[in-house]
Amino acid sequence: MWHGEYRHPRLVEVYDIEHLWGWEDDFFMRVLAERTAPRVLDMGCGTGRLAIAMAGAGHEVTAVDPAGAALDVARRKEGAAGVRWFQGSFEDLPGGTFDAAFMTGHVAEHIVTDEDWSGALHRMRGALVTDGRLVLDSRDPAGLPWREWAPDDTRRDIVLADGSVVEAWSEVASTEKDVVSVVHHYRFDDGLELTSSAAHRFRDEIQLRDSLRVAGFRVDQIYGGWGREPPGLSGDGELIVIAIAEPRMLP
């Protein structure tokens, strides 16, 4: 469903090297600390840097990802023993279990169809207690984020832990309506060449608000950047959502 890099062990290593702790992680940790949340879900946890940090801060963390190769890396990290790791997706979430749930790293963008997106949000609502918080990030389509994936702008060398170098670049393969397909290229020192494809659905603020409301959430805040700027007023080009799980309606 997301993060094609996670499907191949060598691409997982590249992803983990490139995605170190950043401003977004500081933001999510501050948001988590704002309200009591003993039980936390990290949905689409990847290689686990945020899940491990949340567990280190004293939370009971459940981290879920569909890619076993990513979880293998996560489980080997220092502090990983404090997290419960599960390979799975939205369909596997338990009901009414968590006080806070996070979908970071633009996981929301990789849920392309309206049906899948609605199903994911409903299952996230089902996994949260009433008044639990859902926190997610997605790129703001108003900033035309697909322009960032031009080969000349994305070409870079990535130095791995063993000192070898991976040449990497990205390019847009297609744009159809609201969906942008991107191909990421990786050329390793030993001659191996791998590609990873991903489709992105960029939802605007209105679409995010409407879909969350239908799924049983009340939007508390939407920010446009990691400094909590309003949408459209940050160079970060984000839509960062904090939503509250509403009480369930009785039949």
Side-chain angles (χ1 to χ4, degrees), residues 1-3 19 22-37 40-46 50-51 53-54 59 90 93 98-148 177-180 198-248:
M1 184 178 292
W2 60 78
H3 294 317
H19 293 79
W23 290 342
E24 66 273 24
D25 301 293
D26 291 329
F27 173 91
F28 293 128
M29 292 299 291
R30 288 194 297 269
V31 169
L32 179 59
E34 289 172 352
R35 284 180 51 180
T36 300
V40 180
L41 169 66
D42 185 2
M43 190 69 206
C45 63
L50 186 59
M54 293 190 294
H59 301 272
F90 297 96
L93 297 177
F98 302 102
D99 305 291
F102 289 76
M103 292 169 55
T104 68
H106 302 133
V107 164
E109 293 175 15
H110 297 280
I111 307 172
V112 173
T113 71
D114 290 336
E115 181 181 4
D116 286 345
W117 177 239
S118 176
L121 290 181
H122 277 86
R123 290 183 178 98
M124 293 295 279
R125 170 60 193 93
L128 285 163
V129 299
T130 298
D131 291 331
R133 291 189 300 170
L134 172 63
V135 184
L136 62 87
D137 59 352
S138 186
R139 294 179 184 90
D140 187 346
L144 308 179
W146 48 90
R147 292 184 176 180
E148 300 175 3
K177 296 183 179 180
D178 298 328
V179 179
V180 177
H200 298 255
R201 172 76 178 274
F202 299 107
R203 297 174 177 88
D204 61 26
E205 182 178 351
I206 293 174
Q207 291 171 315
L208 289 171
R209 287 183 179 275
D210 287 347
S211 58
L212 284 159
R213 175 183 52 79
V214 171
F217 290 95
R218 169 177 56 84
V219 172
D220 183 37
Q221 297 286 347
I222 295 187
Y223 300 113
W226 306 114
R228 305 199 185 211
E229 303 90 343
L233 297 182
S234 168
D236 294 332
E238 298 285 340
L239 291 172
I240 308 161
V241 182
I242 302 174
I244 310 298
E246 296 273 50
R248 290 184 174 278

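Positions are given from 1, in the same order as the sequence printed here.
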Could you give the distance from [atom1] ([X]) to [atom2] ([Y]), rounded to the nearest 0.5 Å?
{"X": "L212", "Y": "F217", "atom1": "CG", "atom2": "CZ", "value": "6.5 Å"}
{"X": "R228", "Y": "S234", "atom1": "CZ", "atom2": "OG", "value": "13.0 Å"}
{"X": "M124", "Y": "L136", "atom1": "CE", "atom2": "CG", "value": "8.0 Å"}
{"X": "L239", "Y": "Q207", "atom1": "CG", "atom2": "CD", "value": "10.0 Å"}
{"X": "L134", "Y": "D220", "atom1": "CG", "atom2": "CG", "value": "11.5 Å"}
{"X": "R123", "Y": "M43", "atom1": "CZ", "atom2": "CE", "value": "10.0 Å"}

- Message: Per the ring pair (Phe, Tyr, Trp, His ring centres under 6.0 Å) rule, what does the pair list look like for residues 115-137, sequence neighbours excluded?
- Response: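 Residue pairs passing ring pair (Phe, Tyr, Trp, His ring centres under 6.0 Å), neighbours aside: none found.
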
If you define the side chain from C-beta out and look only at heavy atoms, does anything of [X] sit under 4.5 Å from [Y]?
{"X": "R203", "Y": "D178", "value": "no"}
{"X": "L121", "Y": "S211", "value": "yes"}
{"X": "R147", "Y": "L144", "value": "yes"}
{"X": "Y223", "Y": "P231", "value": "no"}

So, [X] side chain and [Y] main chain: donor-acceptor pair closer than 3.5 Å or not?
{"X": "D116", "Y": "I111", "value": "no"}
{"X": "D25", "Y": "G22", "value": "yes"}
{"X": "S118", "Y": "E115", "value": "no"}
{"X": "H59", "Y": "A37", "value": "yes"}
{"X": "D137", "Y": "H106", "value": "yes"}
{"X": "R213", "Y": "L208", "value": "no"}
{"X": "R125", "Y": "E246", "value": "yes"}

- Query: side chain to side chain contact (heavy atoms under 4.5 Å, CB included) between L50 and T104: does it pass, once the steps are laid out?
  - Reply: CA-CA 9 Å; L50 186 59; T104 68; 3.8 Å; yes

- Does the pair I240 and F27 meet the rule for a side chain to side chain contact (heavy atoms under 4.5 Å, CB included), with working shown? CA-CA 10 Å; I240 308 161; F27 173 91; 3.5 Å; yes

- Task: Answer yes when R133 and D99 have at least one side-chain N-carboxylate O distance shorter than 4.0 Å, and no when they do not.
- Result: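 D99 and R133: not salt-bridged.
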
- Can you name the nearest heavy-atom pair linking P141 to W146, along with the distance?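 Nearest pair, atom of P141 first, then W146: O-CH2, 3.9 Å.
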
- Query: What is the minimum heavy-atom distance between D236 and G224, and which atoms define it?
  - Reply: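 Closest heavy-atom pair between D236 and G224: CB-O, 4.0 Å.
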
- Message: Would you say the ring centers of W23 and F28 fall short of 6.0 Å from each other?
- Response: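 When the ring centroids of W23 and F28 are compared, they turn out to be at least 6.0 Å apart.
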
- Stepwise side chain to side chain contact (heavy atoms under 4.5 Å, CB included) test for L41 and F102: CA-CA 6 Å; L41 169 66; F102 289 76; over 6 Å; no

- Pick from E205, E109, E238: which one makes a salt bridge (charged side-chain N to carboxylate O under 4.0 Å, His left out) with R139?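 Of all the options given, the one that passes is E109.
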
- Check step by step if side chain to side chain contact (heavy atoms under 4.5 Å, CB included) holds for V40 and L32. CA-CA 9 Å; V40 180; L32 179 59; 3.8 Å; yes

